[in-house]
Structure formats: structure tokens, C-alpha cells
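Positions are given from 1, in the same order as the sequence printed here. This is a predicted model, so every value here is computed, not measured.
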Amino acid sequence: MMKPRTIAGGIAWLLALAAISLSDEPGMAVPVWSFWAGSGMLAVRGVLTVLKGERLAPHGKSRSVSVCLERPRQSPNMEQMLARLPPYCGQILRRNPRATAKEA
């Protein structure tokens, strides 16, 4: 699978090729200059990021998020749980004998 940076680089290369080929067309001066200005800003940002010693994308770091919930003081019994389910869940449980066999 191709990395997003590789795909973005390919798209940027195609846009640069189009900007070079369309630079002589009338009415294309603003889009071409906008492309080159944006490319220049991204290049300066990349150079500054490297000079600061920051990584462009952290590798090997986990970005997992965990949420700790309080433990319930009292668990509901099976009847209370079934009573709180939406009606369609009750229909599914009535059709599935294995799900209702666990109640007994």
C-alpha cells in the first residue's frame, strides 16, 4: 500500500508540471503564482521543522486513548437489563434461542 506522503508527492509533482505548462496561458497567472506561493510556504515549513529537530511524523509512538469509567456499585439483573433494551432487541433475542438460553 502506498503511503499518503507518496501519493501527495505524486499529486504535487503533477500540479507542478501543470503549473509549468500553463504558465504562458492568459488568465493563468494568478493560479500559477498561488500554486508556487503555497508550495514555497510548505517547503519553508518543512525546512523549519527539520531545523527545529522535530519529526514530520512520529514513528513508533502509540496514540491510544483510554477512558476509565467508574465501576458500577450494583449490577442490574437480567430482567432489568432486558427491560431497558429497545423493542427491536427484544425481538432479536426472542428469535435467537442461544441468547435466551444464557438467561436460565
Side-chain angles (χ1 to χ4, degrees):
M1 186 172 167
M2 294 181 72
K3 293 184 178 181
R5 281 190 189 167
T6 306
I7 295 170
I11 292 171
W13 186 82
L14 290 174
L15 288 174
L17 185 64
I20 291 169
S21 65
L22 295 174
S23 61
D24 295 334
E25 296 286 328
M28 291 301 292
V30 172
V32 169
W33 277 104
S34 298
F35 169 77
W36 289 118
S39 298
M41 285 189 279
L42 286 174
V44 168
R45 179 179 173 256
V47 168
L48 290 176
T49 301
V50 170
L51 290 177
K52 287 182 181 178
E54 298 173 359
R55 290 181 145 185
L56 295 176
H59 296 287
K61 289 187 177 179
S62 175
R63 299 273 181 174
S64 62
V65 176
S66 62
V67 178
C68 297
L69 301 175
E70 271 187 45
R71 185 176 57 136
R73 294 190 179 127
Q74 181 180 4
S75 298
N77 62 23
M78 186 62 75
E79 293 165 357
Q80 291 171 335
M81 287 191 304
L82 291 174
R84 291 182 184 174
L85 290 175
Y88 68 89
C89 291
Q91 294 169 358
I92 293 171
L93 290 173
R94 280 193 293 271
R95 277 189 272 153
N96 187 353
R98 285 187 283 165
T100 55
K102 292 179 183 177
E103 292 178 25

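- With sequence neighbours excluded, no residue satisfies side chain to side chain contact (heavy atoms under 4.5 Å, CB included) with Pro87.
- Other members of the hydrophobic cluster containing Leu69, listed by chain and number, are Val67; membership follows side-chain contacts under 4.5 Å among ILVMFWY residues, whether direct or relayed.
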Would you mind writing out the side-chain donor-acceptor pairs for residues 34-41 within the sub-3.5 Å range, not counting sequence neighbours?
{"from": "Ser34", "atom 1": "OG", "to": "Val30", "atom 2": "O", "distance (Å)": "2.8"}
{"from": "Ser39", "atom 1": "OG", "to": "Phe35", "atom 2": "O", "distance (Å)": "3.0"}

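- Remark: Pro76 pairs with Gln80, Met81 by the side chain to side chain contact (heavy atoms under 4.5 Å, CB included) rule, at least two apart or across chains.
- Cluster partners of Leu48, using a side-chain heavy-atom cutoff of under 4.5 Å among ILVMFWY residues and allowing indirect links, are Val44.
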